[in-house]
Amino acid sequence: MIDNWAEREAKKVEDKAANRDSVQRPEGIVDYDGKAPVTVALPVILERMARNLWRQPPVFWMRLYQTPLLACIMLMIYQRLKYGPTGGQDRMGFVLEIISPLAFVGVLNNVAIFPADRDIFFHEVRTSGAYSASTFVLAFTIVELPLEIGGALLSAVVTNIGAGMQTNARIFFQFAFAQWALVSTGESIGMMFGSFTRSMGFNVSYVYFVL
């Protein structure tokens, strides 16, 4: 009985293979076991990521206004800085309170969108492996950059001009660059930890402990 069952299973496998070989492949379609080059895969992934982000308005706007919103809250606490005897200390405290949580803000920005894109990437790697991890990271970075830069510029308007601090073009863009660098650092750290485990709660707690 066992031999008969084994023969039937072997025959089924042979029939499936014969049917698969008998299906004619459309002209121009070939098997491709390698990975698509960056120049081919990057535009497709960029468009998909941008569309996915745009279809989630709360996530899109949160990534844009979370940094300036934090600056507005701090400005409400410190109000407009004065030029009296305590003005120097007030400014040092204001700047410290602004820059301290920015890396964690970057982690929160990352948590909002990275897990979904990461899961899609892992699924595609397991099924087809059509593009490399470096292509995915590059596409994700390009999509996140405009929102990070826009948020840093808006935050610099609040923290540098709105707070009444000494300013000119150089100081303003230094403020914006410093805030962008901190948010980007936090988002990069979130990507690194988020790639090892699917538990984003654990990742956020661990990154908060590290930062």
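In what follows, residues are counted from 1 in the order of the sequence shown.
- Rounding to the nearest 0.5 Å places CZ of Arg118 at 10.5 Å from CZ of Phe140.
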(request) Report the C-alpha distance between Thr135 and Ser132 in whole Å, list the side-chain angles of each, state the deciding distance to 0.1 Å, and finish with yes or no for side chain to side chain donor-acceptor pair (under 3.5 Å). (result) CA-CA 5 Å; Thr135 304; Ser132 63; 3.0 Å; yes
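- For the residue pair Gln179 and Thr159, the shortest heavy atom distance occurs at NE2-OG1, 3.1 Å.
- Leu70 CG to Leu108 CG: the interatomic distance, rounded to the nearest 0.5 Å, is 10.5 Å.
- Atoms OG1 and CE, on Thr141 and Met49 in that order, are 9.0 Å from each other to the nearest 0.5 Å.
- A centroid separation of 6.0 Å or more is found between the aromatic rings of Tyr131 and Phe136.
- Nearest approach of Met74 to Glu97, heavy atoms of both residues: CE-O, 3.7 Å.
- Of all the heavy atoms in Ala176 and Leu153, the pair that sits closest is CB-CD2, 3.8 Å.
- Closest approach of Ala133 to Phe121, counting heavy atoms only: CA-CZ, 3.5 Å.
- Remark: Met62 CE to Leu147 CG distance equals 10.0 Å, nearest 0.5 Å.
- Once rounded to the nearest 0.5 Å, the distance linking CD of Gln66 with CH2 of Trp61 reads 14.5 Å.
- Residue Ala112 comes nearest to Val59 through the heavy atom pair CB-CG1, 3.9 Å, listed as atom of the first residue, atom of the second, then distance.
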